[in-house]
Amino acid sequence: MKLITLCVAVALSASVLAAPVDAQETEGVQPAAQASVEVGPREDGNWFVRYTFDAPRPVYAFLHSTTGYRSATWTIETEGVRFGRLDGIDVIVAEEPVDKVEFSIIPLTGQLPDDPTPFVTFTGGGIAVHDAQFELVGFSDIGAVEDVDGNIGAAASSALVMDITVKADGPVLTSGQTTEDRLTGRVSDQYVYVGDGAFAAHEGFSLLADPYLPDWIETNLPGAIEGFLTSLEARWGSGLDEDISLLVAYKGEQAQGLSLHGTVLKNQLMLELGGKGFSAPNADALAYLHWYTIRELVGLYQTRQDISLGGPEASWIHRGFANSIAYQLIAAQMQEPGDFLSSVYERAFEDCVTALEGGSLETAVERGAMSGSYACGDFIALATDSYLPRRNLFGFWDALSDWASRTPDKTVDSQVYFTTLQLLGAAPAQRERVRAIVEDELDKPRNTLRALLEDAGLKPQFTANGRLSRLDWPDYSEE
């Protein structure tokens with residue numbers, strides 16, 4: 001394979017798939033960094049990225065390589081070093097191992113489908129830098145990269161332990177540290193904010209809000225998030241392991257309607273919102289923001305126990321379950337939730353059918369049918385909840401996480417889902433109905449989805465033209 005030059009199943013034993021000795025962390029002691037990276041703005045408007053390696057390797061692969069955006073925005077500036085794509089992975093290849101590599105980059109501020117936004121701009125003038133975009137895995141040669149067959153995530157445990165220094169003229173801060181002109185810390189899958197601002201402390205989280213965020217949102221959000229965290233803790237039976245941080249970037253009023261994009265990191269949420277719909281107090285816009293925020297917060301609960309979420313083919317699991325939980329918790333706050341749920345699930349039914357008309361659910365994201373992973377996954381979550389002897393999606397996710405923790409890569413994928421469903425009592429025919437939607441190309445997806453809901457005892461009702469009008473909704477208000 002040429003380098004394109006462009007500017008569960010089984011229980012683990014204690015020794016299986018351990019990280020390399022020099023990358024392991026002695027309990028309670030932070031391991032020494034194997035590399036460092038400095039980033040910051042240049043006078044020409046680009047940014048510099050300067051790597052220094054403790055024990056240079058001839059080949060490095062970027063751990064976050066899904067979309068390949070670096071090919072158009074990163075330019076290598078070190079002689080004897082090439083940069084390009086190999087089997088869908090961004091790689092650095094040196095003629096001889098070198099201890100320093102430098103790039104000039106155009107900061108990408110656009111949103112990516114399967115990776116965090118690398119640089120998030122704030123209307124107030126700040127910019128947030130995602131530190132994990134710089135993570136690397138070292139390899140002995142090109143062949144070793146080819147051996148991972150495009151799945152760089154399989155080598156995540158071997159990622160270099162890396163320190164990052166963000167340089168700027170002015171404040172640089174994280175939720176735990178504020179400095180002037182430069183900030184150094186361990187790469188930890190978080191955003192480093194450059195610009196004027198501060199994280200305000202609240203119960204269970206800290207919040208950095210764009211100074212141009214509309215006042216009616218800024219005053220509502222802290223109390224709402226405190227309530228969401230309390231509600232999720234009550235229903236899950238335990239809280240998050242540590243306080244989280246939340247950044248909210250405002251994108252202005254230029255877009256029509258409501259624009260909202262979220263990123264769930266290890267202990268942090270990033271929300272990018274804008275559009276005319278958020279410019280003035282609006283009950284519908286507020287409900288949408290609340291629902292979306294709950295859905296993102298659920299993502300933090302889903303990755304407790306150091307669990308990883310599956311790739312695009314399995315995204316229906318975590319996206320669908322988070323979607324369902326968020327809708328039900330919003331509905332639980334309403335006096336008459338039926339109309340709300342009927343409206344959202346009518347649209348979801350049509351979205352799911354449309355996605356399945358193009359192929360199996362596990363290929364939906366690959367085909368660009370992103371909404372299918374949320375909509376179909378939501379209906380599968382409802383069916384799962386109904387199939388269980390004790391209806392409780394929160395308990396099911398804990399069981400799912402427990403089983404995933406026993407697998408080599410600790411990942412929630414389809415195999416883990418179906419194994420957990422079987423262990424918790426779902427009948428073979430019930431599992432087969434779900435499997436068909438996930439894996440098969442269906443001749444009549446509308447009929448298949450309807451049959452799933454009926455078989456799960458959700459009592460779907462349809463209008464004369466075949467649109468879903470009502471279900472036997474689960475009640476989470478007393479969970």
Any side-chain heavy atom of [X] sitting closer than 4.5 Å to one from [Y]?
{"X": "T384", "Y": "F321", "answer": "yes"}
{"X": "L232", "Y": "L329", "answer": "yes"}
{"X": "I437", "Y": "T448", "answer": "yes"}
{"X": "P222", "Y": "L207", "answer": "yes"}
{"X": "L356", "Y": "L361", "answer": "yes"}
{"X": "F228", "Y": "F205", "answer": "no"}
{"X": "Y193", "Y": "V172", "answer": "no"}
{"X": "L240", "Y": "L297", "answer": "no"}

*What residue pairs, at least two apart or across chains, pass side-chain hydrogen bond (donor to acceptor under 3.5 Å, both in side chains) with a residue in residues 296-308?*
S238-R304

*Please work out whether the ring planes of F134 and W74 are parallel, tilted or perpendicular, with thresholds of 30° and 60°.*
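F134 and W74: tilted rings.
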
Whether the side chain of [X] engages the backbone of [Y] through a donor-acceptor N/O pair (distance < 3.5 Å, no angle test) should be reported.
{"X": "S259", "Y": "G274", "answer": "no"}
{"X": "S231", "Y": "G227", "answer": "no"}
{"X": "D210", "Y": "Y250", "answer": "yes"}
{"X": "T411", "Y": "D409", "answer": "yes"}
{"X": "S343", "Y": "F340", "answer": "no"}
{"X": "R85", "Y": "S65", "answer": "yes"}
{"X": "N392", "Y": "F394", "answer": "yes"}
{"X": "D131", "Y": "Q190", "answer": "yes"}

*Do you know which of H130, Q268, H64 makes side-chain hydrogen bond (donor to acceptor under 3.5 Å, both in side chains) with D189?*
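Considering H130, Q268, H64, a side-chain hydrogen bond (donor to acceptor under 3.5 Å, both in side chains) with D189 is found only for H130.
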
Considering all heavy atoms, the nearest [X]-[Y] contact:
{"X": "S140", "Y": "P58", "answer": "O-CG, 3.0 Å"}
{"X": "A369", "Y": "A355", "answer": "CB-CB, 4.1 Å"}
{"X": "P445", "Y": "V353", "answer": "CG-O, 4.2 Å"}
{"X": "E362", "Y": "E439", "answer": "OE2-CA, 3.8 Å"}
{"X": "F122", "Y": "V120", "answer": "CD1-O, 3.5 Å"}
{"X": "V137", "Y": "S158", "answer": "CG1-O, 4.0 Å"}

Spacing of [X] atom [atom1] and [Y] atom [atom2] [to the nearest 0.5 Å]:
{"X": "Q328", "Y": "I294", "atom1": "CD", "atom2": "CD1", "result": "11.0 Å"}
{"X": "L86", "Y": "F139", "atom1": "CG", "atom2": "CZ", "result": "9.5 Å"}
{"X": "S386", "Y": "Q430", "atom1": "OG", "atom2": "CD", "result": "8.5 Å"}
{"X": "C352", "Y": "L468", "atom1": "SG", "atom2": "CG", "result": "11.0 Å"}
{"X": "L421", "Y": "L400", "atom1": "CG", "atom2": "CG", "result": "9.5 Å"}
{"X": "I92", "Y": "Y60", "atom1": "CD1", "atom2": "OH", "result": "8.5 Å"}

*Give the intermediate values and the outcome of side chain to side chain contact (heavy atoms under 4.5 Å, CB included) for residues R295 and Y374.*
CA-CA 11 Å; R295 192 181 73 178; Y374 288 102; 3.4 Å; yes

*Does H261 have any ring pair (Phe, Tyr, Trp, His ring centres under 6.0 Å) partners at least two apart in sequence or in another chain, and if so, which?*
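Partners of H261 by the ring pair (Phe, Tyr, Trp, His ring centres under 6.0 Å) criterion come out as none, since no residue qualifies.
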
*asked:* Can you tell whether the side chains of D402 and R406 come within less than 4.0 Å, N to carboxylate O?
replied: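 Looking at D402 and R406, the cut-off is met.
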
*May I ask you to say whether E432 pairs ionically with R435, meaning some side-chain N is under 4.0 Å from a carboxylate O?*
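A salt bridge links E432 with R435.
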
*State which residues pass salt bridge (Lys or Arg N to Asp or Glu O under 4.0 Å) with R433; sequence neighbours excluded, sorted by chain then number.*
D455

*Using a cut-off of 6.0 Å, state whether more than 12 heavy atoms not belonging to E366 lie near its atom CD.*
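No.
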
*Show the numbers, then the answer: is there a side chain to side chain contact (heavy atoms under 4.5 Å, CB included) between I380 and V438?*
CA-CA 9 Å; I380 290 175; V438 173; 4.0 Å; yes

*Audit row: V365, W316, side chain to side chain contact (heavy atoms under 4.5 Å, CB included) steps and yes/no*: CA-CA 9 Å; V365 174; W316 58 270; over 6 Å; no

*Do we get R70 above F83's six-membered ring, with its NZ or CZ under 6.0 Å from the centre and within 45° of the axis?*
no

*Which is it for F278 and L213 under the side chain to side chain contact (heavy atoms under 4.5 Å, CB included) test, yes or no, and what are the steps along the way?*
CA-CA 9 Å; F278 283 122; L213 187 68; over 6 Å; no

